[in-house]
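Here the structure comes first, spelled out in structure tokens, and everything after it is commentary.
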Amino acid sequence: MNEKKNIDTKNIPVGVVGLGLMGCSIATCLLIAGHPVKAIAPVETDLLHAGKRITEHLTKSKEEGLTPSSPQSLLKNLTITTDYSELKDCALVIECTLENQEIKKSVYEKIEAVIRPDAILTSNTSAIPISILQKLTKHPERFLGLHWAEPSHTTRFLEIICGELSDITKGEYLYDLSHSWGKEPTLVKKDIRGFITNRLMYAMYREACYLVENGYATVEDVDRACRNNAGYWMTLVGVFRWMDLTGVPAYHTVMKDLFPTLNNQTTIPKLIDDIVKAGGRGVANAHGFHSYTPEEAKLWEETFKEFSYEIRKLALKYPADVVKKKLKK
Ligand SMILES: NC(=O)c1ccc[n+]([C@@H]2O[C@H](COP(=O)([O-])OP(=O)(O)OC[C@H]3O[C@@H](n4cnc5c(N)ncnc54)[C@H](O)[C@@H]3O)[C@@H](O)[C@H]2O)c1
């Protein structure tokens, strides 16, 4: 892993376009890292909540020791506006709008009309291939994926994705820069739908739906197994180190007999289809895989926020190079 380089973030203005759930936590992360942030609200409703949400994140971040700076001093670096021309000095712009190609295309037109020729344009898309999105822009070589995990100011996850036409040196620049954001980034040099983490996670979501739909276990049982198995090691190691730690040959043996039985359906599972068609969004409207009273749903949201600060503390004790650091002592 790269060491954090001394990059003067205060001279690197960054634009965030789209101030929903992720745009607000990305803006928070960038403010804590010292960047001037131009936050663009493509829809008026963003203006109603973005300032409040970012202030709450900054207040909690100060309380939790993520930053020594007061929310008031960090907020001086933040501009929230509907006016895209505020992006004109930005060295980097992060698009964070709905996962919809048409919407993203119209937003790129507005961004490219005002940004500098040397500015890097990125998308936080979860799964639209960067090679497709970059073709919606005038300068595909400066377009890359920058895939964050919510809440962006507490998680150390970041994927930097090069599309077919991306200039890899820009990916390398973002890789270095993102160390100043508290990230342990991954540079995905060759574009693939879902990038890395969503390919891994969706394999798990598919199998989880299969197990429930076919009566092997309940939603509660599948969740309990995930939390208490992978949940106990995934903050320390990834799947390969996990196999190293627990004995590689056993995995070799199991793969032979288990792989042919794993689900590989290519259609959307009925379990999730029924929920979405009935309007379920999860805790956001107290209608998901589990049942919730509105009060329970709200408490789950709050508990997740609280947990994200707690797990960050544990994660910081175990960086990717934890063993190398121990050897140096
Ligand atoms: N939520 C996650 O955990 C997560 C994780 C990784 C990546 N992402 C990706 O980040 C992006 C944003 O996700 P989110 O969870 O913040 O969504 P969100 O629903 O909270 O926010 C979406 C934002 O899109 C913008 N928007 C809505 N309608 C628009 C329109 N007609 N024109 C222009 N802009 C419009 C608004 O700024 C709105 O706040 C998506 O591409 C999503 O796939 C989300």
Side-chain angles (χ1 to χ4, degrees), residues 14-30 37-54 56-57 78-84 86-87 93-114 121-130 132-134 136-137 143-161 163 174 178 181 183 185-186 188 191-202 204-205 276 279-285 288 300-301 304-305 307-308 311:
V14 181
V16 178
V17 181
L19 303 177
L21 183 73
M22 289 225 71
C24 289
S25 68
I26 292 172
T28 304
C29 177
L30 297 167
V37 176
K38 308 287 179 182
I40 308 295
V43 290
E44 295 277 334
T45 47
D46 282 355
L47 293 175
L48 300 175
H49 64 73
K52 181 168 172 278
R53 213 182 250 182
I54 295 170
E56 278 171 7
H57 286 332
L78 174 69
T79 308
I80 300 181
T81 175
T82 54
D83 180 5
Y84 281 75
E86 286 283 344
L87 298 173
V93 176
I94 302 163
E95 169 273 309
C96 201
T97 59
L98 284 183
E99 191 76 341
N100 174 306
Q101 270 189 57
E102 282 310 304
I103 289 180
K104 289 190 189 297
K105 181 172 187 281
S106 76
V107 165
Y108 299 152
E109 277 165 17
K110 292 179 192 148
I111 297 171
E112 286 198 300
V114 294
L121 177 55
T122 65
S123 175
N124 183 41
T125 177
S126 300
I128 306 174
I130 299 307
I132 292 180
L133 287 181
Q134 68 185 171
L136 308 176
T137 70
F143 189 94
L144 291 100
L146 206 52
H147 184 215
W148 305 65
E150 177 65 14
S152 311
H153 56 296
T154 66
T155 45
R156 61 183 175 190
F157 170 83
L158 188 76
E159 283 175 329
I160 300 155
I161 308 109
L174 291 173
S178 66
W181 307 338
K183 303 300 165 207
T186 304
V188 186
D191 195 17
I192 182 165
R193 189 177 281 271
F195 320 130
I196 297 172
T197 184
N198 276 338
R199 293 189 75 83
L200 295 173
M201 292 308 302
Y202 278 78
M204 187 142 79
Y205 300 145
V276 172
R281 292 168 54 216
V283 292
N285 65 352
W300 269 112
E301 257 174 353
F304 172 58
K305 261 188 218 157
F307 179 76
S308 65
I311 190 123

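All ligand and atom numbering here is 1-based and tracks the order in the structure. Not measured: the values here are computed from a predicted model.
Geometrically, ligand 1 and I103 share no nitrogen or oxygen pair separated by less than 3.5 Å. Inclusion of G18 in the set of residues having an N or O under 3.5 Å from an N or O of ligand 1 is not warranted. Of the N or O atoms in T125, none lie within a sub-3.5 Å distance of an N or O in ligand 1. Not a single N or O atom of P42, backbone or side chain, sits closer than 3.5 Å to an N or O atom of ligand 1. Between E99 and ligand 1, at least one pair of N/O atoms sits closer than 3.5 Å. Ligand 1 has no nitrogen or oxygen under 3.5 angstrom from a nitrogen or oxygen of H49. For ligand 1, the polar-atom distance check finds no N/O of V43 at less than 3.5 Å from any of the ligand's N/O atoms. Of the polar atoms of V107, none of the N or O atoms is found under 3.5 Å from an N or O of ligand 1, judged by distance alone. Ligand 1 has an N or O atom lying under 3.5 Å from an N or O atom of T97, backbone or side chain. In terms of polar-atom proximity, defined here as any N/O pair under 3.5 Å, E150 makes no such contact with ligand 1.
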Take F195 and T125, measure what side chain to side chain contact (heavy atoms under 4.5 Å, CB included) needs, and give me the verdict at the end.
-> CA-CA 10 Å; F195 320 130; T125 177; 4.0 Å; yes
Candidate pair Y205 and Y202, rule ring pair (Phe, Tyr, Trp, His ring centres under 6.0 Å), full reasoning | CA-CA 5 Å; Y205 300 145; Y202 278 78; 4.9 Å; yes
Which is it for I132 and R193 under the side chain to side chain contact (heavy atoms under 4.5 Å, CB included) test, yes or no, and what are the steps along the way?
-> CA-CA 10 Å; I132 292 180; R193 189 177 281 271; 4.0 Å; yes
Tell me, with the steps shown, if H147 and N198 meet side chain to side chain contact (heavy atoms under 4.5 Å, CB included).
-> CA-CA 10 Å; H147 184 215; N198 276 338; 3.7 Å; yes
Test log, rule side chain to side chain contact (heavy atoms under 4.5 Å, CB included), inputs I40 and T81 = CA-CA 5 Å; I40 308 295; T81 175; 3.7 Å; yes
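Near W148, the atoms of ligand 1 lying under 4.0 angstrom from a non-hydrogen atom of the residue are 5 (C), 6 (C). For ligand 1 and H147, the ligand atoms under 4.0 Å from any heavy atom of the residue are 6 (C), 7 (C). Atoms of ligand 1 found under 4.0 Å from any heavy atom of K104, numbered from 1 in the order shown, are 41 (O).
Checking side-chain atoms of N124 against main-chain N and O of M22 turns up no donor-acceptor pair under 3.5 Å. Between the side chain of E159 and the main chain of I161, no donor-acceptor pair closer than 3.5 Å is present. Without hydrogens or angle criteria, S123 side chain to C96 main chain gives no donor-acceptor distance under 3.5 Å.
A distance of 5.0 Å separates CD1 in I128 from CG in L133, rounded to the nearest 0.5 Å. Rounded to the nearest 0.5 Å, atoms CD (E99) and NZ (K104) are 5.0 Å apart.
Proximity of atom 21 (O) of ligand 1 to the protein is indicated by at least one non-hydrogen atom lying closer than 4.0 angstrom.
Here atom 19 (O) of ligand 1 lies nearest to L98 when heavy atoms of N100, L98, D46 are compared. Nearest residue to atom 4 (C) of ligand 1 from E44, M22, E95 is M22 (criterion: closest heavy atom).
Under 4.0 Å from ligand 1, not a single heavy atom of E159 appears. Residue contacts with ligand 1, taken as heavy atom pairs separated by less than 4.0 Å, do not involve T45 at all.
In terms of protein heavy-atom proximity, atom 43 (O) of ligand 1 is closest to S126 OG, 2.6 Å. Residue, atom and distance of the protein heavy atom nearest to atom 9 (C) of ligand 1 are N124 O, 3.2 Å.
A salt bridge is absent between K305 and E301; no separation between the charged side-chain nitrogens and carboxylate oxygens falls under 4.0 Å.
When only modelled atom types and interatomic distance are considered, T155 and E150 share no side-chain donor-acceptor pair under 3.5 Å.
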